[in-house]
Amino acid sequence: MTFAFTQTLIPLNRHQFPFILISSLKSRAKFTQIVAALKNPSSSYSKSSSSEMVKAIVVREIGGPEVMKWEDVELKEPKEGEIRVKNTAIGVNFIDVYFRKGGYKFPLPFVLGREAVGVVSAVGPGVTGRKVGDVVAYAGDPMGSYTEEQILPDKVVVPVPPSIDHKVVASVMLKGMTVHVLLRRCFKVEQGHTILVHAAAGGVGSLLCQWANALGATVIGTVSSEEKAAQASEDGCHHPIIYTKEDFVERVNEITSGKGVNVVYDSVGKDTFKGSLQCLASRGYLVSFGQSSGAPDPFPISDLASKALFLTRPSLMHYTATQDELLAAAEDVFANLESGVLRVRVNHTYPLSEAARAHADLEARKTSGSIVLIPDN
């Protein structure tokens with residue numbers, strides 16, 4: 001049996017205790033692999049093996065931030081149509097909280113995260129147009145971005161312009177393409193429209209305000225504090241409403257002179273759903289794309305009839321199902337970043353190993369703008 005470390009090959013008798021090897025170990029994970037190999041004489045380990053260990057945030061049970069564990073996970077070599085990416089920055093989104101708490105179901109255990117940017121470190125068979133060293137990003141499926149390095153289908157990544165900082169890309173891929181879908185696909189916002197954005201100072205909300213303002217819409221937004229109202233105003237929200245101090249339905253009615261808004265973008269869910277319907281103008285659209293306060297209560301479809309209202313519950317993946325759709329959405333986001341239409345606030349960065357603290361702060365509403373995790377090594 002032969003083990004390879006650095007550049008030295010050391011033959012061992014399986015009954016000998018490997019004192020000479022221990023001094024050359026670079027990680028506890030490698031030691032664990034060697035012990036397993038010694039117990040099984042038919043196995044072997046080397047740096048050129050088909051898998052290695054990397055650090056990741058693993059969820060083994062549903063619950064609060066405390067269920068997020070910093071663990072070693074196995075990383076295999078990329079297969080047909082896959083690439084391996086060494087992450088440089090990882091986005092944190094409220095959808096990660098939904099999965100961790102069980103609001104969205106996913107088989108346990110799993111590695112959290114659905115957004116990252118990094119450098120291609122290996123290319124699998126059949127992949128063309130991609131090489132080691134390329135900077136790429138992805139958002140959505142597959143789950144598993146809270147890790148130092150990951151395997152991805154080549155078809156889900158997009159090339160990243162060199163002019164955009166990696167932390168900005170990681171903070172904007174999922175949110176930015178979501179905003180693209182909300183403003184350009186679900187309901188096409190144009191000059192003269194009036195819109196209502198809930199959580200207007202949040203990661204998606206701030207981008208919605210900026211982009212909609214650039215499109216010529218009148219933007220109304222709900223926020224929780226004076227500080228967030230100031231931020232929303234800076235982002236193009238013409239009428240910030242502090243919902244902790246005033247009824248947002250009454251205030252929208254005042255602002256629109258009783259006409260209501262053309263579209264409501266609601267990521268809050270249970271606490272705002274009924275009010276959102278009340279804020280809509282005739283033939284208005286309620287775009288419900290999140291549920292930070294919980295899932296909305298069931299309601300009779302006849303509630304839509306009084307104003308011939310439309311209701312949709314979009315998912316980004318339904319609008320980026322083809323590679324052409326994915327590339328178009330990403331290119332639109334990157335173009336708006338480069339032109340200055342979108343300004344991303346990466347107000348909070350955490351080491352990847354402290355992702356649980358990032359989640360705790362997010363749920364406690366201690367954050368504004370975007371949160372990014374940076375791999376520890």
Side-chain angles (χ1 to χ4, degrees), residues 1-12 14 17-60 68-90 107-127 130-138 141-157 166 170 351-356 373-377:
M1 178 166 57
T2 301
F3 297 89
F5 291 91
T6 62
Q7 297 179 345
T8 304
L9 294 177
I10 306 174
L12 284 178
R14 65 184 292 259
F17 191 80
F19 291 103
I20 190 169
L21 288 179
I22 293 175
S23 64
S24 66
L25 295 180
K26 294 183 179 180
S27 71
R28 183 176 179 180
K30 290 181 180 178
F31 177 69
T32 301
Q33 288 178 307
I34 291 170
V35 170
L38 288 172
K39 292 179 179 179
N40 180 5
S42 65
S43 68
S44 63
Y45 172 85
S46 74
K47 289 187 70 175
S48 62
S49 77
S50 60
S51 66
E52 59 185 277
M53 304 303 286
V54 297
K55 287 287 190 179
I57 297 293
V58 181
V59 172
R60 297 189 177 279
M68 300 166 62
K69 304 300 183 183
W70 183 233
E71 298 183 7
D72 290 308
V73 298
E74 185 180 29
L75 183 73
K76 296 183 180 296
E77 289 297 314
K79 298 177 183 178
E80 183 81 21
E82 294 180 335
I83 60 174
R84 190 173 70 203
V85 180
K86 185 176 178 62
N87 289 334
T88 55
I90 300 154
L108 292 167
F110 60 84
V111 175
L112 267 173
R114 302 171 76 88
E115 174 180 40
V117 58
V119 179
V120 176
S121 57
V123 175
V127 174
R130 201 86 61 196
K131 65 183 185 300
V132 172
D134 285 351
V135 177
V136 297
Y138 95 103
D141 289 331
M143 177 90 80
S145 64
Y146 285 22
T147 182
E148 293 174 328
E149 199 165 355
Q150 66 186 129
I151 302 296
L152 291 169
D154 180 59
K155 66 182 181 181
V156 307
V157 305
H166 289 200
L352 176 58
S353 60
E354 297 181 25
L373 304 174
I374 304 298
D376 296 53
N377 59 12

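Just so it is clear, the values below take in all heavy atoms, side chains as well, and ignore hydrogens, waters and symmetry mates. The structure displayed is predicted, hence computed values, not measured ones.
- For the atom pair Leu112 CG and Lys69 NZ, the distance stands at 13.0 Å (nearest 0.5 Å).
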Go through the steps to decide whether Lys76 and Glu52 satisfy the test side chain to side chain contact (heavy atoms under 4.5 Å, CB included), and finish with yes or no.
CA-CA 7 Å; Lys76 296 183 180 296; Glu52 59 185 277; over 6 Å; no

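- Nearest heavy-atom pair across Ala89 and His166 is CB-O, 3.8 Å.
- Glu82 pairs by the salt bridge (Lys or Arg N to Asp or Glu O under 4.0 Å) definition with nothing, not counting sequence neighbours.
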Run Val54 and Thr147 through side chain to side chain contact (heavy atoms under 4.5 Å, CB included) and show every step you take.
CA-CA 7 Å; Val54 297; Thr147 182; 3.7 Å; yes

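- Within the 4.5 Å cutoff, no side-chain heavy atoms of Leu373 are placed close to those of Pro351.
- Interatomic distance, CD of Glu148 versus OG1 of Thr88, reported as 12.5 Å (0.5 Å rounding).
- Ala116 approaches Ser145 most closely through the heavy-atom pair CB-CB, 3.9 Å.
- Across all their heavy atoms, Val111 and Met143 have their closest contact at O-CG, 3.0 Å.
- Atom-to-atom distance recorded for Ser353:OG and Met68:CE is 11.0 Å, nearest 0.5 angstrom.
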Apply the test salt bridge (charged side-chain N to carboxylate O under 4.0 Å, His left out) to residues Lys55 and Asp376: give CA-CA distance (whole Å), side-chain angles for both, the deciding distance (0.1 Å), then the verdict.
CA-CA 9 Å; Lys55 287 287 190 179; Asp376 296 53; over 6 Å; no

After noting the C-alpha distance and the side-chain angles of Leu352 and Ile90, does the key distance pass the side chain to side chain contact (heavy atoms under 4.5 Å, CB included) rule?
CA-CA 8 Å; Leu352 176 58; Ile90 300 154; 3.9 Å; yes

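- Atom CD of Gln150 and atom CD1 of Ile83 lie 9.0 Å apart (nearest 0.5 Å).
- Under the salt bridge (Lys or Arg N to Asp or Glu O under 4.0 Å) criterion, Asp141 pairs with Arg114, not counting sequence neighbours.
- The nearest pair of heavy atoms linking Ile151 to Glu77 is CD1-C, 4.2 Å.
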Would you sort out whether Val85 and Tyr138 count as a side chain to side chain contact (heavy atoms under 4.5 Å, CB included), showing the intermediate values?
CA-CA 10 Å; Val85 180; Tyr138 95 103; over 6 Å; no

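- Put simply, the side chain of Val73 does not reach to within 4.5 Å of the side chain of Met53, judged on heavy atoms.
- In this structure, Asn87 contributes its side chain and Tyr146 its backbone to no donor-acceptor pair below 3.5 Å.
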Using a 3.5 Å cut-off and no angle test, enumerate the donor-acceptor pairs between side-chain atoms of residues 118-126 and protein atoms at least two apart in sequence or in another chain.
| from | atom 1 | to | atom 2 | distance (Å) |
| --- | --- | --- | --- | --- |
| Ser121 | OG | Arg84 | O | 3.3 |
| Ser121 | OG | Arg84 | NE | 3.1 |
| Ser121 | OG | Glu149 | OE2 | 2.6 |

